[in-house]
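Presented below is the structure to which this report refers.
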Amino acid sequence: MPAFGPISRVNLIRALRALGFAGPFSGGHHAFMVRGEHRLAIPNQHRGDIGVNLLGRILR
């Protein structure tokens, strides 16, 4: 698996859109993106980038 590092929320959304995800849509406590039957929660906006550990959990 290629190495990956911290990423901003905007760049994460941009990358997920390139992979065919639609959104983000508001809902519950977190925004989410949808691709087919897959629904992926997106972290809320905060200072700094999304860390390696959280990014790994999102991609899993």
Side-chain angles (χ1 to χ4, degrees):
M1 180 156 103
F4 56 89
I7 188 171
S8 69
R9 182 178 191 268
V10 173
N11 287 336
L12 174 63
I13 291 171
R14 191 174 293 142
L16 291 172
R17 282 185 182 157
L19 292 173
F21 282 85
F25 305 105
S26 62
H29 294 283
H30 292 282
F32 63 93
M33 296 184 79
V34 177
R35 179 177 165 202
E37 295 184 16
H38 297 290
R39 182 175 168 163
L40 181 66
I42 302 297
N44 292 327
Q45 293 177 336
H46 63 288
R47 283 188 163 175
D49 292 338
I50 298 168
V52 175
N53 292 332
L54 180 56
L55 181 58
R57 287 183 282 177
I58 291 170
L59 296 176
R60 232 179 260 124

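Other residues sharing the hydrophobic cluster of Val34, ordered by chain and number and joined by side-chain separations under 4.5 Å: Phe25, Phe32.
Closest approach of Pro24 to Met33, counting heavy atoms only: CA-CG, 3.8 Å.
Here CG of Leu59 is found 8.0 Å from CG of Leu40. Values are rounded to the nearest 0.5 Å. The NE2 atom of His30 sits 5.0 Å away from the CG atom of Asn44 when rounded to the nearest 0.5 Å. For the atom pair CG (Leu19) and NE2 (His38), the distance works out to 12.0 Å, reported to the nearest 0.5 Å.
Remark: Asn11 pairs with Ser8, Arg14 by the side chain to side chain donor-acceptor pair (under 3.5 Å) rule, at least two apart or across chains. In this view, Arg60 and Arg57 satisfy the side-chain contact (heavy atoms from CB on, under 4.5 Å) rule, not counting sequence neighbours. In this view, Pro43 and Leu12, Ile50, Leu54, Ile58 satisfy the side-chain contact (heavy atoms from CB on, under 4.5 Å) rule, not counting sequence neighbours.
Here side-chain hydrogen bond (donor to acceptor under 3.5 Å, both in side chains) pairs that include residues 46-55, with residues two or more places apart or in two chains, number zero.
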